[in-house]
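None of the values given here were measured: they were computed from a predicted structure.
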Amino acid sequence: MTIDSVRGAPDTPELAEPELVQLLTPEGERVEHPDYPLDLSAEEVRDLYRDLVNVRRLDLESVALTRQGELGLWASLLGQEAAQIGSGRALSENDMVFPTYREHGVAWCRGVDQLKLLSMFRGVTHGGWDPAEHNFHLYTVVIGSQTLHATGYAMGVQRDGVLGTPSAAATIAYFGDGATSQGDVNESFVFASVFNAPIVFFCQNNQWAISEPLERQSRIPLYRRAQGYGFPGIRVDGNDVFACLAVTRKALENARTGQGPTLIEAFTYRMGAHTTTDDPTRYRLKAEEEAWKLKDPIERVKAYLVRNEFADAAFFQKIEDEAKQTARELREGCLSMPDPKPLSAFEHVYAEPHPLMTEEQEQFAAYLASFEEEAR
């Protein structure tokens with residue numbers, strides 16, 4: 001028996017072409033969708049463009065800081081800005097976000113200080129922000145586990161009895177295409193479905209789970225998995241900020257009014273490496289990246305603004321200057337972060353003193369003291 005025969009599987013049954021909800025074409029042309037109307041003023045579109053440009057510039061600066069040894073790691077969102085800004089701007093104040101480790105754009109929308117994101121990747125904090133302050137939970141590095149946390153939180157909201165009221169809230173859980181193969185994600189689908197929990201599952205399908213392509217994750221479009229669990233699934237153009245905003249806004253509203261969960265598959269592409277420790281040239285073709293560059297989320301909004309005479313050259317230059325200044329402030333803030341005291345690693349591990357932790361702390365303190373003795 002060959003390896004290929006072991007890997008083989010029955011032919012996938014014939015399926016209808018997946019519907020892709022799109023409101024803004026790659027050329028910047030506005031299109032309508034009967035189920036997802038969206039009315040944006042020129043100012044609102046300019047604000048979305050500002051978000052996209054600033055978030056990309058902050059991301060690029062963070063990659064540069066990593067290459068220069070100032071961060072231990074960085075997970076770039078390059079190419080996924082529209083999915084994050086569109087869905088992030090659809091959130092209400094009461095909604096709670098459960099991110100992975102790549103949702104820098106959503107953090108921007110929730111008002112989280114970008115330096116607090118960097119503090120974790122620089123290794124000077126364990127998390128960096130108060131989740132309750134921004135309704136934005138700490139980054140989750142364990143793949144898929146945040147979907148269970150989000151589902152449990154949503155079930156708590158449901159039991160508070162606020163659904164359908166002005167104080168209603170929903171949760172949104174972000175994850176990638178690779179996470180859909182994790183048990184945690186599928187278990188959260190079961191709980192969310194049978195309890196009709198007010199949650200939106202937002203899958204950023206960027207085509208690659210590190211070096212594994214999408215076809216190794218699923219033999220059907222990911223959004224169709226929701227049908228098997230008994231709730232709606234939608235595929236949206238993940239490079240279209242308008243569509244991501246409209247689709248997420250409707251899904252969240254459905255959740256807040258007691259209509260249960262929705263799975264959104266934002267069909268996009270990870271233009272860079274999985275993280276700064278990854279080399280995508282080892283497993284994918286340059287031609288694939290070049291094809292996706294033509295669908296760039298920022299360029300299509302810029303084309304829309306120009307096409308409709310909603311912005312001029314002075315506006316675009318102003319945004320570029322603002323993004324550069326924001327990046328400078330990010331760099332300066334990162335370089336000025338004080339290093340934590342070595343023994344602080346033992347703080348807040350347990351709520352109460354723990355014998356093993358105390359023993360290890362004493363051993364590490366003695367180890368550090370030995371260097372001081374040697375120096376004397």
Side-chain angles (χ1 to χ4, degrees), residues 75 77 80 83-84 86-107 109-110 112 117 127-163 167-205 222-223 225-226 229-234 236 238 244 247-266:
L77 59 63
Q80 298 177 221
Q84 296 193 17
S87 60
R89 290 303 182 196
L91 294 162
S92 75
E93 183 180 354
N94 294 332
D95 295 333
M96 179 63 79
V97 179
F98 289 81
T100 61
Y101 45 76
R102 200 187 301 274
E103 274 67 60
H104 320 313
V106 186
C109 293
R110 297 307 267 178
V112 178
L117 304 181
W129 60 90
D130 178 3
E133 183 180 352
H134 303 283
N135 275 15
F136 185 85
H137 262 268
L138 300 180
Y139 275 1
T140 304
V141 179
V142 178
I143 303 300
S145 64
Q146 75 280 1
T147 58
L148 286 172
H149 308 155
T151 302
Y153 189 99
M155 291 167 65
V157 170
Q158 185 183 55
R159 283 152 178 75
D160 287 338
V162 297
L163 297 183
S167 58
T171 65
I172 184 167
Y174 288 89
F175 53 95
D177 47 293
T180 63
S181 297
Q182 293 291 114
D184 289 10
V185 174
N186 292 276
E187 290 161 14
S188 68
F189 287 175
V190 172
F191 273 87
S193 175
V194 298
F195 287 101
N196 207 43
I199 181 171
V200 174
F201 296 104
F202 195 93
C203 174
Q204 292 175 84
N205 177 4
L222 293 177
Y223 76 97
R225 288 191 176 185
Y229 293 94
F231 58 88
I234 303 138
V236 62
C244 289
V247 169
T248 309
R249 181 180 285 171
K250 184 173 181 179
L252 286 167
E253 182 60 23
N254 288 344
R256 296 188 206 105
T257 54
Q259 299 179 57
T262 302
L263 170 62
I264 297 174
E265 177 194 358

Exercise. Where the side chain of Q158 meets the backbone of N196, is there a donor-acceptor pair that is under 3.5 Å apart?
Worked result: yes
Problem set entry | Donor + acceptor pair across side chains of Y174, S87 (<3.5 Å) | yes
Exercise. Between C244 and V236, which heavy-atom pair has the shortest distance, and what is it?
Worked result: N-CG2, 3.9 Å
For this session: Could you tell me whether the side chain of Q259 reaches within less than 4.5 Å of the side chain of F231, counting heavy atoms only?
Result: no
Seminar exercise, completed: What one should report as the nearest heavy-atom pair of P261 and P232 is O-CD, 3.3 Å
Exercise. Would a 4.5 Å heavy-atom cut-off, applied to side chains only, mark L138 and P131 as touching?
Worked result: yes
Exercise. In Å and rounded to the nearest 0.5 Å, what is the CZ to CZ distance from F201 to R225?
Worked result: 13.5 Å
Problem set entry | Ring geometry between H104 and Y139 (parallel below 30°, tilted from 30 to 60°, perpendicular above 60°) | tilted
For this session: Determine whether Y223 and I264 make a side-chain contact, defined as any pair of heavy atoms from C-beta on separated by less than 4.5 Å.
Result: no
Exercise. Does G183 offer a backbone N or O that forms a donor-acceptor pair with the side chain of N186 under 3.5 Å?
Worked result: no
Exercise. Can you tell me if Q84 uses its side chain to pair, donor with acceptor, with the backbone of A107 under 3.5 Å?
Worked result: no
Exercise. If you take all heavy atoms of I234 and T262, which pair is closest and at what distance?
Worked result: CD1-CG2, 3.6 Å
For this session: State whether the side chain of R110 and the backbone N or O of V106 hold a donor-acceptor pair below 3.5 Å, judged by distance alone.
Result: no
For this session: Could you check T257 against L163 for side-chain contact (heavy atoms from CB on, under 4.5 Å), going step by step and ending with a plain yes or no?
Result: CA-CA 5 Å; T257 54; L163 297 183; over 6 Å; no
Problem set entry | Under 3.5 Å: donor-acceptor pair, side chain of S193, backbone of V190 | no
Exercise. Heavy-atom distance under 4.5 Å between the side chains of F189 and L263, does that happen here?
Worked result: yes
Exercise. Can you tell me how far CZ of F98 sits from CG of N135, rounded to the nearest 0.5 angstrom?
Worked result: 9.0 Å
Problem set entry | Spacing of CZ belonging to R102 relative to OG1 belonging to T140, to within rounding of 0.5 Å | 13.5 Å
For this session: Please confirm whether the backbone N or O of V97 pairs with a side-chain atom of H137, one donor and one acceptor, at under 3.5 Å?
Result: no
For this session: Using only heavy-atom distances, determine whether the side chains of D177 and T180 contain a donor-acceptor pair under 3.5 Å.
Result: no
Seminar exercise, completed: Minimal heavy-atom distance between A154 and A197, with the atoms involved, is CB-CB, 4.0 Å
Problem set entry | Closest non-hydrogen atom pair between V157 and A169, with its separation | CG1-O, 3.4 Å
Exercise. Just how far is it from atom CG of L222 to atom CD of E265, taken to the nearest 0.5 Å?
Worked result: 4.5 Å
Seminar exercise, completed: To the nearest 0.5 Å, atom CG of D184 lies from atom CG of L148 at 4.5 Å
Problem set entry | Steps toward side-chain contact (heavy atoms from CB on, under 4.5 Å) verdict (E103, F175) | CA-CA 9 Å; E103 274 67 60; F175 53 95; over 6 Å; no
Exercise. Are the side chain of W129 and the backbone N or O of F136 linked by a donor-acceptor pair below 3.5 Å?
Worked result: yes
Problem set entry | F191 atom CZ, over 12 foreign heavy atoms within 6.0 Å | no
For this session: Go through the structure and list residues passing salt bridge (Lys or Arg N to Asp or Glu O under 4.0 Å) with E187, not counting sequence neighbours.
Result: none
Exercise. Atom OG in S167, atom CG in D160: separation rounded to 0.5 Å?
Worked result: 9.0 Å
Problem set entry | With M96, the side-chain contact (heavy atoms from CB on, under 4.5 Å) member among I172, I199, T171 | T171
Problem set entry | Option passing salt bridge (charged side-chain N to carboxylate O under 4.0 Å, His left out) with E253 (candidates R249, K250, R256) | R256
Exercise. For the side chain of D130 and the backbone of A132, is there at least one donor-acceptor N/O pair under 3.5 Å apart?
Worked result: yes
